[in-house]
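Right, one structure below, let's go through it.
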2 protein chains.
Amino acid sequence: MSRDKLQKQETLDCLLKSLHKYGMRTVLFQQNMAQKMGVVHTDLKTAEILNETGPITAGELSRITGLSSGSVTALIDRLEKTGYVMREKDEEDRRKVVITPIQKRQKQIKAHFESLAEATKEACLTYTEEELVVILGFVEKVIRIMDHENEKLMAEREENN
Amino acid sequence: MSRDKLQKQETLDCLLKSLHKYGMRTVLFQQNMAQKMGVVHTDLKTAEILNETGPITAGELSRITGLSSGSVTALIDRLEKTGYVMREKDEEDRRKVVITPIQKRQKQIKAHFESLAEATKEACLTYTEEELVVILGFVEKVIRIMDHENEKLMAEREENN
DNA sequence: ATGATTATCTTGATAATCGAGATAAAACCA
DNA sequence: TGGTTTTATCTCGATTATCAAGATAATCAT
């Protein structure tokens, strides 16, 4: 391999390791944040999912979180009691229960992430717009990869049932 | 604000949102992976922590994971029984218990992340070395930010005890 | 030395999760 | 249409991760 290629290879290895480290910190952060908010890890995770997906059914939530249907029922009970979500019967298919996130609470959650967001924004200021575009493109790429990997894992899980 | 600045601002907002989305997927991935490996979320998280820190005491583990000392005892019991770690008395301070990860198991864990690592590596090939360096620098920067935020959250937690 | 502190473990209680069965709505189909 | 099957959620009893408080044992400080 040429010297340049070797160099690139090394950068790449380093990047993979760093992404892994970043992932671990993200998991810890989420755990810490849930604790600070006085909810279980699962509940914050669910609120975050709903924040991105918008209203979804209990079944979809079960698939995404990997929880049993019984656990999802309990989970929704908790979130409903604490005002994070609303249960609604799906008018199209009345077996289904649609879980709708409640805006007010979503904003409260977002507020908890403000410090992290600010610090990150601050760090971005040192970059040129071109660099930011490269970084953004990369993040979007790894998001798609993650989606694919998660999809695979969810499918595997369903096979074993 | 100038037109260029506006553009940059927009990219930045987009990046922040994407990072948040990436974070959620990371949490889900870790959860899915733990399930696939047949361990609880906490156990995989702990193994990952140990993989990065190397041997640490039960107390440090308690601080990092946010678990009570009792839970950490149970956690280590589980990990020891399944061969992920070893308990050793610290020779310097014999109250302490040092938790040492077991290499063989760590490799098995790493193997589970192989698919993700490969896909990510693949995605990186489209970038020049210069771009990779920029991305790597960014990831390292957000790692430091995460460390700082986590440190803050852990400190807060300790105050309330 | 002795009292205070620190690190981990033990124990009983709580609550999140599971798994299997119940219920009810929708889809299928003869 | 009526009856069977499938699907979506819920219920309930059992399991287990977690907590909180107290026990134990080693270290530190005076």
Side-chain angles (χ1 to χ4, degrees), chain A residues 27-28 30-32 34-47 49-50 55-82 84-100 157-158 160-161, chain B residues 27-28 30-32 34-47 49-50 55-82 84-100 157-158 160-161:
Chain A
V27 171
L28 289 177
Q30 226 240 12
Q31 170 92 353
N32 283 329
Q35 210 157 343
K36 172 171 178 169
M37 296 168 67
V39 300
V40 232
H41 167 247
T42 306
D43 294 15
L44 177 55
K45 189 174 70 179
T46 304
I49 291 169
L50 287 167
I56 56 176
T57 67
E60 292 176 284
L61 213 46
S62 163
R63 179 163 196 275
I64 299 174
T65 59
L67 291 171
S68 70
S69 89
S71 299
V72 167
T73 300
L75 162 65
I76 300 171
D77 285 347
R78 288 197 304 273
L79 290 175
E80 200 171 40
K81 196 178 318 186
T82 47
Y84 284 100
V85 306
M86 263 170 59
R87 256 194 185 92
E88 282 169 300
K89 280 268 175 224
D90 185 340
E91 284 307 321
E92 308 268 307
D93 182 342
R94 296 190 54 76
R95 290 169 303 180
K96 292 185 179 172
V97 169
V98 178
I99 316 303
T100 306
R157 194 168 58 209
E158 276 153 25
N160 305 333
N161 284 344
Chain B
V27 171
L28 290 177
Q30 225 241 10
Q31 171 91 357
N32 284 329
Q35 211 157 341
K36 172 171 178 170
M37 296 168 68
V39 300
V40 252
H41 168 245
T42 306
D43 293 14
L44 176 56
K45 189 174 72 179
T46 304
I49 291 170
L50 286 168
I56 57 176
T57 67
E60 292 176 284
L61 213 46
S62 163
R63 180 163 195 273
I64 299 174
T65 59
L67 291 171
S68 71
S69 89
S71 299
V72 167
T73 300
L75 163 65
I76 300 170
D77 285 348
R78 288 196 302 274
L79 291 175
E80 201 172 39
K81 196 178 317 187
T82 46
Y84 285 100
V85 305
M86 263 170 57
R87 257 195 184 92
E88 283 170 300
K89 281 270 176 223
D90 186 338
E91 283 308 319
E92 308 268 305
D93 181 343
R94 297 189 52 77
R95 290 168 303 179
K96 293 185 178 172
V97 169
V98 179
I99 315 304
T100 306
R157 195 167 58 208
E158 277 154 23
N160 304 334
N161 285 344

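Predicted, not measured: the structure shown is a model, and the values here were computed from it. A note on names: the letters A, B, ... follow the listed sequences, proteins ahead of strands, and every chain is numbered from 1.
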Step by step, work out the side-chain contact (heavy atoms from CB on, under 4.5 Å) result for Val39(A) and Thr82(A). CA-CA 10 Å; Val39(A) 300; Thr82(A) 47; 5.9 Å; no
Side chain Ser62(A), main chain Leu67(A), donor-acceptor under 3.5 Å: yes
What pairs with Ile64(A) under side-chain contact (heavy atoms from CB on, under 4.5 Å), at least two apart in sequence or on another chain? Ile49(A), Ile56(A), Leu28(B)
Using a heavy-atom cut-off of 4.0 Å across all strands, would you classify Ser62(A) as base, sugar-phosphate, or nothing? nothing
Salt bridge (charged side-chain N to carboxylate O under 4.0 Å, His left out) partners for Lys36(B), two or more places apart: Glu156(A)
Of all residues at least two apart in sequence or in a different chain, which pass the salt bridge (charged side-chain N to carboxylate O under 4.0 Å, His left out) check with Arg87(B)? Asp77(B), Glu80(B)
Interface with DNA chain C, restricted to residues 39-46 of chain A and to heavy atoms under 4.0 Å: Val40(A), Thr42(A)
What is the 5' to 3' range of DNA chain D, first to last nucleotide, that sits under 4.0 Å from any heavy atom of chain B? dA17(D) to dT27(D)
Counterpart residues, salt bridge (charged side-chain N to carboxylate O under 4.0 Å, His left out), relative to Arg94(A) (two or more places apart): Glu91(A)
Given atom CD of Gln35(B) and atom P of dA16(C), what is their separation to the nearest angstrom? 18 Å
Spatial distance of atom OG1 (Thr46(B)) from atom CD1 (Ile99(B)) [nearest 0.5 Å]: 10.0 Å
Listed by chain and number, what are the side-chain hydrogen bond (donor to acceptor under 3.5 Å, both in side chains) partners of Thr65(A), not counting sequence neighbours? none
By side-chain hydrogen bond (donor to acceptor under 3.5 Å, both in side chains), Ser69(A) pairs with (sequence neighbours left out) none
Going by side-chain hydrogen bond (donor to acceptor under 3.5 Å, both in side chains), name the residues that satisfy it together with Asn32(B), two or more places apart in sequence or in a different chain. Asn150(A), Arg157(A)
Respond yes when some side-chain nitrogen or oxygen of Ser71(A) is under 4.0 Å from OP1 or OP2 of dT17(C), and no when none is. no
Applying salt bridge (charged side-chain N to carboxylate O under 4.0 Å, His left out), name anything that partners Arg95(A), two or more places apart in sequence or on another chain. Asp93(A)
Pairs under 3.5 angstrom, nitrogen or oxygen only, protein versus nucleotides 1-3 of chain C, please.
none

Which atoms of nucleotides 20-25 of chain C (N or O only) lie under 3.5 Å from a protein N or O atom, and what are those distances?
none

Judged by nearest nucleotide, the residue sitting upstream toward the 5' end of DNA chain D, Gln31(A) or Ala58(A), is Ala58(A)
Once you apply a heavy-atom cut-off of 4.0 Å, does Leu75(A) come out as touching a base, just sugar-phosphate, or nothing? nothing
Carefully, step by step, assess Thr42(A) and Leu75(A) under the rule side-chain contact (heavy atoms from CB on, under 4.5 Å). CA-CA 8 Å; Thr42(A) 306; Leu75(A) 162 65; 4.1 Å; yes
Whole-Å distance separating the CZ atom of Arg87(B) from the C1' atom of dA7(C): 12 Å
Please report the distance, rounded to the nearest Å, between CZ in Arg157(A) and P in dT17(C). 13 Å
d(CZ, Arg63(B); P, dA7(C)) in whole Å: 12 Å
Distance from Gln30(B) atom CD to Leu44(B) atom CG, nearest 0.5 Å? 4.5 Å
